[in-house]
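Structure first, then comments.
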Amino acid sequence: MNGKQHDIASPHDFPGIQARAAQTDAAGRIPSQNWKELAESGYQGLFHPPEVGGTAAGPTVQAEAMEALARACPSTFWAATVSALLCGKLISTYGDLREHERLLRPLVSGESLSCFAVAETTAGSDAGTYRTTVRPAGTPGGGYLIQGEKSRIANAPCADLAVTLARREKLPGDDGPDWCLAFVNLRQPGVQRYEIPHMGLRGMPWGGIVFDDAHVAEADVVPVPFEELAEGMAWGWLLVSISAVAVAESALAASVRHARERVSFGRPLAHMEGVQAQIADSRAQIDAARLLAHRAAGERAAGRSARDLIAMLKIYATEMAVEVTTRAVQIHGATGVTQGHEVERLYRDAQMNVIGGFTTNRLRELVAEGMGLGPAVYEPFDWVTPTGLGRDPAGLDGFAHLARAVS
């Protein structure tokens with residue numbers, strides 16, 4: 001790889017990983033050979049500068065390499081890219097490169113794996129309910145202790161490092177942000193992990209982390225205003241969007257092959273107008289999403305925000321992939337819902353992208369807020385009582401309320 005141009009939407013840069021994709025899904029584990037081949041390819045280094053061991057590839061090469069890996073195996077793509085791109089960018093953006101190069105270099109080389117620990121057992125997108133807390137250890141130079149539980153986290157069961165969103169327990173006189181990113185070593189006492197079975201992206205490790213006064217070095221607790229975190233999290237929205245484009249492209253390729261080969265009522269499916277229309281719609285939607293993804297990647301690489309653009313991309317691309325994989329299942333008929341078939345696997349993977357990284361419904365609210373419609377804050381209001389509809393309908397209470405009114 002290392003700087004060469006890539007054939008858009010081709011899995012051929014990762015032929016071994018692509019050949020093991022079905023096995024990865026069935027076993028629910030990413031084979032060690034996948035990690036070896038990724039490290040040898042230099043994939044993780046594409047997103048970072050030479051100062052930390054990367055190759056600083058341009059936005060087009062990055063986007064094409066991501067799509068190629070996601071086409072080869074979406075589960076492997078998710079695990080590797082959450083670690084190298086999302087977590088790596090969060091560390092380099094909010095941390096101190098001189099201090100945190102020790103954390104970043106192993107991610108860039110593929111020697112270690114990271115997870116972005118955000119969601120909790122009782123909350124996904126609503127950060128107001130998060131309870132994981134970082135507090136001073138109470139001894140000079142003792143750093144901090146982290147307490148809480150993160151759940152439904154990519155890479156959680158096997159990651160070496162957690163980039164963790166947590167509340168800060170502030171000492172008197174500390175007027176800094178209420179939130180922080182804590183870079184937590186997961187190979188220490190006070191950390192427990194568990195796996196959660198999931199519908200799609202089965203090879204991707206997914207589960208939870210329980211912090212029970214695990215230690216965090218003082219330099220590894222970085223206060224961050226919560227409103228600024230969306231900029232860093234947008235890298236996650238971008239990688240999920242490119243995963244969706246790749247899944248859709250693979251489903252379309254499978255549909256075209258099947259339509260050419262399958263003969264029904266004396267002619268190939270490819271000669272049927274209804275099938276042609278489905279394939280044409282998929283082609284147009286995928287290319288539109290890909291163009292938007294490349295534009296977003298270019299804006300990011302140029303140092304511009306692109307947060308709202310990536311939010312719109314995530315909404316469109318992930319829901320588009322569900323439509324395309326649904327058409328693929330329809331074109332394949334009963335074969336498409338057979339366990340172990342490529343299209344069946346892709347359909348499950350597509351569903352995960354809609355929810356993963358931030359649900360599209362919540363992103364719609366953020367896009368609307370950016371258009372000047374105000375924050376999506378709920379204010380309690382009783383719409384029912386003033387209309388009289390709060391009472392039981394006549395007959396359910398024996399007209400008791402009417403009798404009370406007369407008396």
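Of all the heavy atoms in R29 and E195, the pair that sits closest is NH2-OE2, 3.0 Å. A166 and I146 make their closest contact through CB-CD1, 4.5 Å (heavy atoms, listed as atom of the first residue, atom of the second, distance). P49 and A56 get closest at one heavy-atom pair: CA-CB, 4.0 Å. In plain terms, the two heavy atoms of C115 and A156 that are nearest each other are CB-N, 4.1 Å. Minimum heavy-atom separation, L165 to L229: CD1-CD1, 3.3 Å. Closest of all the heavy-atom pairs between A289 and A317 is CB-CB, 4.2 Å.
Contact annotation: the side chain of R102 approaches that of D220 to within less than 4.5 Å [non-hydrogen atoms, C-beta and beyond]. Residues Q147 and D212 form a side-chain contact, since some pair of their non-hydrogen atoms from C-beta on lies under 4.5 Å apart. Residues R168 and P223 form a side-chain contact, since some pair of their non-hydrogen atoms from C-beta on lies under 4.5 Å apart. For the pair C73/F14, no side-chain contact is recorded, criterion being any heavy-atom separation below 4.5 Å from C-beta on. Two residues are said to be in side-chain contact when any heavy atoms from C-beta on lie closer than 4.5 Å; T360 and Y316 fail this criterion. Counting heavy atoms from C-beta outward, I91 and L181 have side chains that stay 4.5 Å or more apart. Two residues are said to be in side-chain contact when any heavy atoms from C-beta on lie closer than 4.5 Å; L38 and L69 meet this criterion. Side-chain contact check for I153 versus F116: every heavy-atom pair is 4.5 Å or farther apart.
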*asked:* side chain to side chain donor-acceptor pair (under 3.5 Å), that's the test. Do Q62 and R300 meet it? Break it down for me.
replied: CA-CA 11 Å; Q62 288 183 19; R300 270 298 209 179; over 6 Å; no

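Checked for salt-bridge contact, R71 and D13 miss the test: no charged N lies under 4.0 Å from a carboxylate O. Taking the charged nitrogens against the carboxylate oxygens, E369 and R362 do have a contact shorter than 4.0 Å, which makes a salt bridge.
Atom CZ of R187 has more than 12 heavy atoms from other residues, nucleotides or ligands within 6.0 Å. Within 6.0 Å of atom CD in Q339, 12 or fewer heavy atoms from other residues, nucleotides or ligands are found, so the atom counts as exposed in its surroundings. Q33 CD: more than 12 foreign heavy atoms inside a 6.0 Å radius.
Here the side chain of S92 pairs a donor or acceptor atom with the backbone of K89 at under 3.5 angstrom. Between the side chain of R152 and the backbone N or O of I196 there is no donor-acceptor pair closer than 3.5 Å. Formation of a donor-acceptor pair under 3.5 Å by the H48 side chain with backbone atoms of R105 is not found in this model. In this structure, the side chain of D160 engages the main chain of L113 through a donor-acceptor pair within 3.5 Å. Between the side chain of D349 and the main chain of G200, no donor-acceptor pair closer than 3.5 Å is present. Judged purely by atom type and a 3.5 angstrom limit, H271 has no side-chain atom pairing as donor or acceptor with the backbone of V263. The backbone N or O of G340 lies less than 3.5 Å from a partner atom in the side chain of E344, making a donor-acceptor pair. For the pair H100 (side chain) and Y94 (backbone), a donor-acceptor distance under 3.5 Å is absent. Judged purely by atom type and a 3.5 angstrom limit, N155 uses its side chain to pair as donor or acceptor with the backbone of S114. Checking side-chain atoms of E120 against main-chain N and O of R131 turns up a donor-acceptor pair under 3.5 Å.
Remark: the Q278 side chain and the Q330 side chain contain no N/O donor-acceptor pair separated by less than 3.5 Å. There is no side-chain donor-acceptor pair under 3.5 Å between N185 and H215. Checked by atom type, the side-chain pair T81/Y43 shows a donor-acceptor distance below 3.5 Å.
Distance check: Q192 CD to L186 CG gives 12.5 Å after rounding to the nearest 0.5 Å. For the atom pair S83 OG and Q44 CD, the distance stands at 7.5 Å (nearest 0.5 Å). To the nearest 0.5 angstrom, I310 atom CD1 is 11.0 Å from R295 atom CZ. The CG atom of L201 sits 6.0 Å away from the CG atom of N353 when rounded to the nearest 0.5 Å.
Geometrically, K150 engages Y130 in a cation-pi contact, judged by NZ or CZ lying under 6.0 Å from the ring centre and within 45° of the ring axis.
Residue pairs meeting the salt bridge (Lys or Arg N to Asp or Glu O under 4.0 Å) criterion with at least one partner in residues 301-314, sequence neighbours excluded, are E299-R304. Sequence neighbours left out, the pairs with a member in residues 250-264 that pass salt bridge (Lys or Arg N to Asp or Glu O under 4.0 Å) are R257-E342. Applying the salt bridge (Lys or Arg N to Asp or Glu O under 4.0 Å) definition to pairs two or more places apart or across chains, those involving residues 276-286 are E249-R283, R283-D287.
For M199, the side chain to side chain contact (heavy atoms under 4.5 Å, CB included) partners are R348, Q351, not counting sequence neighbours. For H258, the ring-ring contact (aromatic ring centres under 6.0 Å, His included) partners at least two apart in sequence or on another chain are H332.
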Mind listing the side-chain donor-acceptor pairs of residues 230-239 below 3.5 Å, one per line with the distance, residues two or more places apart or on another chain?
residue, atom, partner, partner atom, Å
E231, OE1, S305, OG, 3.1
E231, OE2, S305, OG, 2.7
W237, NE1, G357, O, 3.2

